[in-house]
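This report refers to the structure that appears directly beneath it.
We count residues from 1, following the sequence as given.
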Amino acid sequence: MSDTPAPVAAATPRSPSDPRFLIPLALLALYVIWGSTYLGIRFALESWPPFLLAGVRFLAAGVALYGFLRWRGMAPPTRLQWRNAAITGLLLLGLGNGLVCFAEQRVSSGIAAVAVASMPLFAALFSGMYGEWPHRRESIGLAIGFAGVIVLNLGSSLAGSSTGAVALLVAAAAWAFGSVWSRRQVMPPGPMNTAAQMICGSIALLGFALLSGERLPLHPSLRSTLAILYLAVFGSIIAFSAYLYVLRHARPALATSYAYVNPPVAVLFGVLLAGEHVGPFDLAGMAIILAGVAVITLAKSKGNTAKP
């Protein structure tokens with residue numbers, strides 16, 4: 001027997017397209033960008049009516065992305081993929097985002113983010129209907145995160161309306177069901193999925209705007225114009241693409257964990273850019289929320305990563 005030690009295999013460099021690399025990067029984008037969009041919506045609403053705001057935002061982003069992808073040679077969605085994108089776009093963007101914009105006329109950006117944080121619980125319920133219940137550690141993380149949302153809500157001095165609260169809960173449920181349903185459907189590949197859903201969702205939103213009598217603003221403020229540009233580029237193209245990627249490559253509990261991080265991020269942006277106050281309950285709620293997300297993220301149960 002030779003005394004020469006066996007050669008040690010060289011570590012394989014992690015590919016930039018490796019989900020182990022892209023999932024944390026996509027989650028970071030969701031945590032920060034979508035946390036900031038609540039304040040962006042508040043600024044945009046200074047000049048724009050809610051459904052028209054969301055419709056123009058997603059139409060501009062969707063058409064721009066679709067045109068770019070077709071110019072790069074990507075095939076258009078099939079008829080089945082367009083149908084599935086239309087249903088998902090209606091649920092996620094038409095009802096989900098549209099009702100958030102509607103509610104922010106009546107409640108603060110921080111309260112809106114807190115209410116939407118119920119979405120992972122709806123997602124866990126809908127996933128269970130398809131036989132995909134959260135693992136034990138994921139369930140613990142969901143419970144911790146929801147407890148943090150309650151604490152954060154107790155610390156808020158801003159009152160909302162019952163109409164806004166109902167709209168936010170319907171938005172959270174619609175977004176959750178659309179997310180769970182789309183995981184089991186034939187969707188357009190990659191970024192084409194983002195473009196198709198935004199185009200379809202924008203059509204629904206513009207229809208809501210027409211039915212509610214909304215009109216284009218004649219003299220929008222500079223801040224609201226910059227806000228809608230930020231929402232279209234960062235909130236729609238970048239962050240929504242990241243969400244659809246995580247939704248395809250990770251379990252629902254991890255993919256929807258952004259909803260627990262968005263409230264503290266939204267509150268922090270409100271403090272920095274809108275002069276909102278943060279009290280002890282707010283700080284405690286943020287810490288509890290982040291702890292819950294850490295539990296979900298560190299869950300190593302078998303099957304923690306779904307097949308694409």
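Taking the side chain as every heavy atom from C-beta outward, F122 and V180 never approach each other to under 4.5 Å. A 4.5 Å side-chain heavy-atom check between E138 and R251 finds at least one atom pair inside the cut-off. Two residues are said to be in side-chain contact when any heavy atoms from C-beta on lie closer than 4.5 Å; V233 and L229 fail this criterion. Contact of the Q197 side chain with the L244 side chain is registered, since non-hydrogen atoms from C-beta on lie closer than 4.5 Å. Using a 4.5 Å heavy-atom threshold, the side chains of S179 and F126 count as separate. In this structure the side chain of F146 never reaches within 4.5 angstrom of the side chain of L142, judged on heavy atoms. Taking the side chain as every heavy atom from C-beta outward, Y260 and I144 never approach each other to under 4.5 Å. The closest side-chain heavy-atom distance from W82 to C200 is below 4.5 Å.
Both V261 and L272 belong to a common hydrophobic cluster when Ile, Leu, Val, Met, Phe, Trp and Tyr are linked at side-chain heavy-atom distances under 4.5 angstrom. Put simply, V32 and L27 are part of two different groups of oily side chains (I, L, V, M, F, W, Y) that touch within less than 4.5 Å, one to the next. If you chain together hydrophobic residues whose side chains sit under 4.5 Å apart, L92 and L169 never meet in one group. The cluster map of Ile, Leu, Val, Met, Phe, Trp and Tyr, joined by side-chain heavy atoms under 4.5 Å apart, puts F102 and L211 in different clusters. If you chain together hydrophobic residues whose side chains sit under 4.5 Å apart, I199 and V186 never meet in one group.
The environment of Y31 atom OH is dense: over 12 non-hydrogen atoms of other residues, nucleotides or ligands sit within 6.0 angstrom. Few gaps surround CZ on R184; more than 12 heavy atoms of other groups in view lie less than 6.0 Å from it.
Taking the six-membered ring for Trp and the full ring otherwise, W181 and W175 have centroids separated by 6.0 Å or more. The aromatic ring centroids of Y258 and Y243 lie less than 6.0 Å from each other.
To the nearest 0.5 Å, the span separating CH2 on W48 from OG1 on T225 amounts to 7.5 Å. With rounding to the nearest 0.5 Å, the separation of CG in L205 from CG in L53 is 9.0 Å. The structure places NE2 of H249 at 10.5 Å from CZ of R183, a figure rounded to the nearest 0.5 Å. In this structure, the separation between CZ on R223 and CG on L273 is 9.0 Å, given to the nearest 0.5 Å. Of the inter-residue distances, the one linking L206 atom CG with E214 atom CD reads 9.5 Å to the nearest 0.5 angstrom. Rounding to the nearest 0.5 Å gives a distance of 14.0 Å between CD1 of I23 and CG of L28.
Heavy-atom minimum distance, W34 versus G235: NE1-O, 3.0 Å. In this structure, T256 and A123 approach most closely via the heavy-atom pair CG2-CB, 4.1 Å. For the pair Q105 and L45, the tightest heavy-atom approach, listed with the atom from each and the gap, is N-CD1, 4.1 Å. Shortest non-hydrogen contact noted between R70 and P76 is NH1-CD, 3.5 Å. Taking each heavy atom of A171 and L99 in turn, the nearest pair found is CB-CB, 3.8 Å. When every heavy atom of G40 is checked against every heavy atom of A227, the shortest pair comes out as O-CB, 3.5 Å.
Of the N and O atoms on the side chains of S182 and T88, not one donor lies less than 3.5 Å from an acceptor on the other residue.
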Side chain to side chain donor-acceptor pair (under 3.5 Å) evaluation trace for S36 with Y230: CA-CA 10 Å; S36 69; Y230 175 80; 2.6 Å; yes
Working for side chain to side chain donor-acceptor pair (under 3.5 Å), residues S236 and R57: CA-CA 8 Å; S236 298; R57 164 192 174 183; 2.8 Å; yes
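Counting only distance, with no hydrogens or angles, the side chain of S127 and the backbone of A124 share no donor-acceptor pair below 3.5 Å. At least one donor-acceptor pair under 3.5 Å links the side chain of S241 to the backbone N or O of I237.
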